[in-house]
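Taking it in order: structure first as structure tokens, then the write-up.
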Amino acid sequence: MKDILTAPFMVEMVRTTTNMYAHGWDERNGGNVSLLLDEREVGESLDAGRVIRTLPTGFAAPALDGKYFLVTGTGKYFKNVQYAPEVNLGIVRLTKGGEEAELLWGFEDGGRFTSEFPAHMMSHVARLAVDAENKVVMHCHPANLLAMTYVHSLDERAFTRTLWQMCTECIVVFPDGVNVLPWMLCGTNEIGEATAEKMKTARLVVWSQHGIYGAGRDLDETFGLIETAEKAAEIYMKIAQLPRLNTITDEQLHLLEARFGVTGREGYLD
Ligand code: 2HA
Ligand code: ZN
């Protein structure tokens, strides 16, 4: 049996959560990440027949029955993941149509998965229906995106267009744009369902006055997606109160579409 702490998925998860903390996106216990694992990968370093504990999830997700996830723990600090992955992270297998999670590794202090588990699992279902390669759901609290939700219209087209105009690369990195939820109570099935609904049409979903969700095929890509949107929001927050003399025009955004072989969200460009 291989050492699970050196498994590529574990190393990447530790590096990514550490980096998210370093970026200031995950103060205290803020943020959560879930990574869909390959059964074969898990089997190389774990006896999948040995269930440590069974945890109720409080929702159904039949599409994820039998699937394995590496996930951050509730109340845990990203700052600490690198020093004690076996306490701050856990590997679970969903059973009973997603209503139960079998803990196979981690949460060694008796902990459990993130309070945002519903939003994560429901978002995995939504993204997998659009992209069979999707593996990651990532949530964090980047300051500029959050700040933007106080001063910018929450209209999804307007919000997306503003971000696209802030850096040349934005439309290339997230042509599907950014969907936006109004403020909602976090940690509930309701916000989970609302997030998953928004995930059907975009890989980024802003939670107003709270943070952002990103989805992607690996941890690096998903981190980069949020990083790019947050950079654009940072530029916006720097210039929002200044007279704007120049911008990236829709004509230029169309040139980027052609050059990089992407298509911006239908109806978002004039
Ligand atoms: O506490 O970020 O949304 C973790 C969170 C909740
Ligand atoms: Zn949060």
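Atoms within a ligand are numbered from 1 in the order they appear, just like the ligands themselves.
Atom numbering of ligand 1 starts at 1 in the shown order; those under 4.0 Å from a heavy atom of H139 are 2 (O), 3 (O). Set against the non-hydrogen atoms of G31, the atoms of ligand 1 under 4.0 Å away are 2 (O), 4 (C), 5 (C).
Side-chain N/O atoms of T149 and W183 include no donor and acceptor closer than 3.5 Å. A donor and an acceptor atom, one from each side chain of T114 and H120, are nowhere located under 3.5 Å apart. There is no side-chain donor-acceptor pair under 3.5 Å between T17 and D26.
In summary, no N, O or S atom of C186 is located under 2.8 Å from the Zn ion (ligand 2). Within the coordination shell of the Zn ion (ligand 2), defined by N, O or S atoms under 2.8 Å, H210 is present.
Looking at N32 against ligand 1, only its side chain comes within 4.0 Å, counting heavy atoms.
Draw a line from the Zn ion (ligand 2) to NE2 of H141 and another to NE2 of H139, and the angle between them is 100° (to 10°).
E257 CD to H254 NE2: the interatomic distance, rounded to the nearest 0.5 Å, is 5.5 Å.
The environment of NZ in K198 is crowded: more than 12 heavy-atom neighbours from other residues, nucleotides or ligands sit within 6.0 Å.
Remark: distances from the non-hydrogen atoms of H141 to ligand 1 include one below 4.0 Å.
The protein atom (non-hydrogen) at minimum distance from atom 6 (C) of ligand 1 is E116 OE2, 3.1 Å. From the protein, the heavy atom lying nearest to atom 4 (C) of ligand 1 is N29 O, 3.2 Å.
For Y68 and W105, the ring centers sit 6.0 Å or farther from each other.
Considering backbone and side-chain N/O atoms, C186 never comes within less than 3.5 Å of an N/O atom of ligand 1.
Residues E44 and R40 are paired through a salt bridge, judged by an N-O separation under 4.0 Å between the basic side chain and the carboxylate.
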